[in-house]
Amino acid sequence: MANFSKSNVPQFSVEVYQNEFLPEGGREVNAIVTVTSTGGGTTGGIPLAGSTPSPGYGPGQGPDAAVVLMVDCSGSMDYPPTKMRNARDATAAAIDALREGTRFAVVAGTHVAKDVYPGNGRLTVADQQTKAQAKDALRKLSAGGGTAIGTWLRLADRLLGAAEVDIRHGILLTDGRNEHEAPEDLRAALDSCAGRFTCDARGVGTDWEVKEVTGIAAALLGTADIVADPAGLAADFTRMMENAMGKEVADVALRLWTPVGVEIRFVKQVAPTVADLTGRRTEAGPRAGDYPTGSWGDESRDYHVCVLVPEAGIGQEMLAARVSLILPDPSGAGAPQTLSQGLVRAVWTDDMVASTSINPQVAHYTGQAELAQVIQQGLDARKSGDFDGATAKLGRAVQLASASGNQDTAKLLSKVVDVVDAATGTVRLKAKVAEADEMTLETRSTKTVRVKK
């Protein structure tokens, strides 16, 4: 394990958990890679209800950052009228949480995007005066028009791209479906923005599309959640902004180098949420590829790396992969910095006990990834009228949540199914399920619990 420490950059460490022993003919090597950064400002991931992350900086301290707040102002935000008022209040609360010196802007989103503060296609610097002016601008927002989220993201990208800062972040709130642009237009906007800024997305109420909101957050390496009751927006926005203000370093990549003959099956983030990074690889030299992880503060995340190695005889061993944390040179001119590094090994043995035991971390996160998958499959089956399939998948989800101690997910599942026996996954579908409960389960299905070390 190696560490990297530098002024204004968190210290990163990498730990690898695996059973390196393979039976004769064995090829699949699994490892959980725990990445921890210390010296940042706050904890990463979706904050838990009631928690209060504590930024580690006073006024004017911390890395240069820019934030764009995108507020849905489409016509549906007027139903009920309290929704728009709560959105304004939530955005004002987020502005209050901005660290002084942070550059920011507010975008009103409908079927077009308009930068309502400070305007003229620019950002302003957060201080007492500009925060007050931004909140004055918010009071003038009203609902009307359609929803074209891709235009909001592209405007945010233009605003953030003009800033010479270390951290670029977006916060997006919507209450409806993206009905006024084609799905491929949103996809193109996300592809254009990916790697340029991170973005947290929130759906308020129950008239929005879960896969759209979670897709935005996944593409832009942010968090997604539901705020079913608009009254909860201010607290949620405050936590999101405090979390953004705690980030210290952006664009960290997980670099995987593999020897000749080794195939990569997948690379997934498995904590605090499940996110498949396999398809997001960018080549980084001979037999090396980078997987994006976004920005970091004080936090720890777990990644599951699975590779196939060539067959070898008993007693042989090899380096199956080298995992590094890479920080690119911001100027683009110099070599990237290696923040930390860990090794994944393969050793062939005729000791059956050694070669057949499953590493506890690998077993735990394999179950958590399956949990996220079967929840999604079960809810999709339920929506399509396949109630037997839904019962089987959601029953398996209950079993996995119970076995792994994922109590938050177990509680959400209990609002969709009646649990007869959690240990065996015996459940009955509830005849009536509140739309907010179903959407909450779907939105939060990828949240995991950490393995007990």
Side-chain angles (χ1 to χ4, degrees), residues 43-51 53 90 171-175 198-233 235-237 239-240 243 268-276 294 299 301-302 364-365 367-383 390 393-417 419 422 427 429-430 433-451:
T43 324
I46 300 174
L48 298 176
S51 68
I171 291 178
L172 185 149
L173 170 74
T174 184
D175 83 320
T198 58
C199 185
D200 295 322
R202 294 295 185 266
V204 60
T206 56
D207 293 328
W208 49 280
E209 182 63 48
V210 171
K211 287 181 176 62
E212 281 179 355
V213 170
T214 55
I216 291 165
L220 302 182
L221 300 174
T223 65
D225 207 356
I226 179 174
V227 185
D229 182 354
L233 277 173
D236 185 76
F237 265 47
R239 287 194 297 269
M240 266 196 296
N243 191 46
K268 296 177 183 177
Q269 178 184 286
V270 288
T273 57
V274 176
D276 194 342
E299 57 192 292
R301 304 180 201 168
D302 292 331
H364 175 82
Y365 286 123
Q368 293 291 288
E370 185 190 352
L371 173 59
Q373 182 181 46
V374 292
I375 287 174
Q376 189 63 64
Q377 291 171 340
L379 291 175
D380 287 346
R382 187 179 177 277
K383 289 173 189 173
K393 293 295 184 183
L394 294 174
R396 174 62 175 156
V398 166
Q399 185 182 33
L400 289 165
S402 173
S404 64
N406 194 332
Q407 295 178 352
D408 289 340
T409 300
K411 287 177 185 174
L412 295 175
L413 281 162
S414 70
K415 295 184 178 182
V416 177
V417 295
V419 179
V427 303
L429 292 182
K430 287 184 181 290
V433 177
E435 193 170 14
D437 289 336
E438 186 174 5
M439 291 178 70
T440 301
L441 174 60
E442 185 175 3
T443 306
R444 298 180 183 171
S445 63
T446 58
K447 290 184 69 173
T448 57
V449 288
R450 303 299 294 269
V451 68

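Position 1 is the first residue of the sequence; numbering continues from there.
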Which is it for Gln373 and Lys393 under the side chain to side chain contact (heavy atoms under 4.5 Å, CB included) test, yes or no, and what are the steps along the way?
CA-CA 9 Å; Gln373 182 181 46; Lys393 293 295 184 183; over 6 Å; no

With heavy-atom distances below 4.5 Å as the criterion, would you say the side chains of Asn406 and Asp408 are in contact?
yes

I need the Ile226 CD1 to Thr214 OG1 distance, nearest 0.5 Å.
11.5 Å

Between the OG1 atom in Thr198 and the CD1 atom in Ile171, the distance rounded to the nearest 0.5 Å is 9.0 Å

I want to check something: taking the side chain as every heavy atom from C-beta on, are Thr409 and Ile375 in contact at a cut-off of under 4.5 Å?
yes

Got a sec: does the CD of Gln407 have more than 12 other heavy atoms crowding it under 6.0 Å?
no

Looking only at atom types and distance, does a side-chain atom of Asp200 sit under 3.5 Å from a main-chain N or O of Thr223, one as donor and one as acceptor?
yes

Return the minimal non-hydrogen interatomic distance between His364 and Val449, and the atom names on each side.
NE2-O, 2.8 Å

Between Gly378 and Ala390, which heavy-atom pair has the shortest distance, and what is it?
O-CB, 3.4 Å

Using the rule side chain to side chain donor-acceptor pair (under 3.5 Å), only one of Lys430, Arg382, Lys383 pairs with Glu438; which is it?
Arg382

With rounding to the nearest 0.5 Å, note down the distance linking OG1 in Thr206 to CG in Asp437.
10.5 Å

Test side chain to side chain contact (heavy atoms under 4.5 Å, CB included) on Val270 and Gln368; report intermediate values, then the result.
CA-CA 7 Å; Val270 288; Gln368 293 291 288; 5.9 Å; no

Strictly distance-based, threshold 3.5 Å: is any side-chain N or O of Ser445 a donor or acceptor partner for the main-chain N or O of Gln376?
no

Chi angles and distances behind the side chain to side chain contact (heavy atoms under 4.5 Å, CB included) call for Val227, Phe237
CA-CA 10 Å; Val227 185; Phe237 265 47; over 6 Å; no

Before accepting this row, confirm whether a basic side-chain N of the pair Asp236/Arg202 lies closer than 4.0 Å to the acidic partner's carboxylate O.
yes

Using residues 410-417 as the side-chain source, report each donor-acceptor pair under 3.5 Å to any protein atom, sequence neighbours left out, with the distance given to one decimal.
{"unit_1": "Ser414", "atom_1": "OG", "unit_2": "Lys411", "atom_2": "O", "d": "2.6"}

Quick one: CD on Glu442 to CG on Leu379, what's the gap to the nearest 0.5 Å?
5.5 Å

With salt bridge (Lys or Arg N to Asp or Glu O under 4.0 Å) as the criterion, how do Asp225 and Lys447 come out once you've worked through the C-alpha distance, each side chain's angles and the decisive distance to 0.1 Å?
CA-CA 10 Å; Asp225 207 356; Lys447 290 184 69 173; 5.6 Å; no

Look at the side chain of Tyr365 and the backbone N and O of Thr448, then say whether any donor-acceptor pair between them is shorter than 3.5 Å.
no

Using every non-hydrogen atom in the two residues, find where Arg301 and Pro272 come nearest and quote the distance to one decimal.
CG-CD, 4.0 Å

Nearest heavy-atom neighbours spanning Leu221 and Gly294
CD1-N, 3.5 Å

Starting at CZ of Arg396, measure out to CG of Leu400 and round the result to the nearest 0.5 Å.
4.0 Å

Please find the pair of heavy atoms, one from Gly203 and one from Val213, that lie closest to each other, and give the distance.
N-CG1, 4.2 Å

Please answer whether the main-chain N or O of Ala436 pairs with a side-chain N or O of Thr440 as donor and acceptor at a distance below 3.5 Å.
yes

CG (Leu172) and CE (Met240) are apart, to the nearest 0.5 Å, by 9.0 Å

Check: Arg444/Thr273 side-chain N/O donor and acceptor closer than 3.5 Å:
no

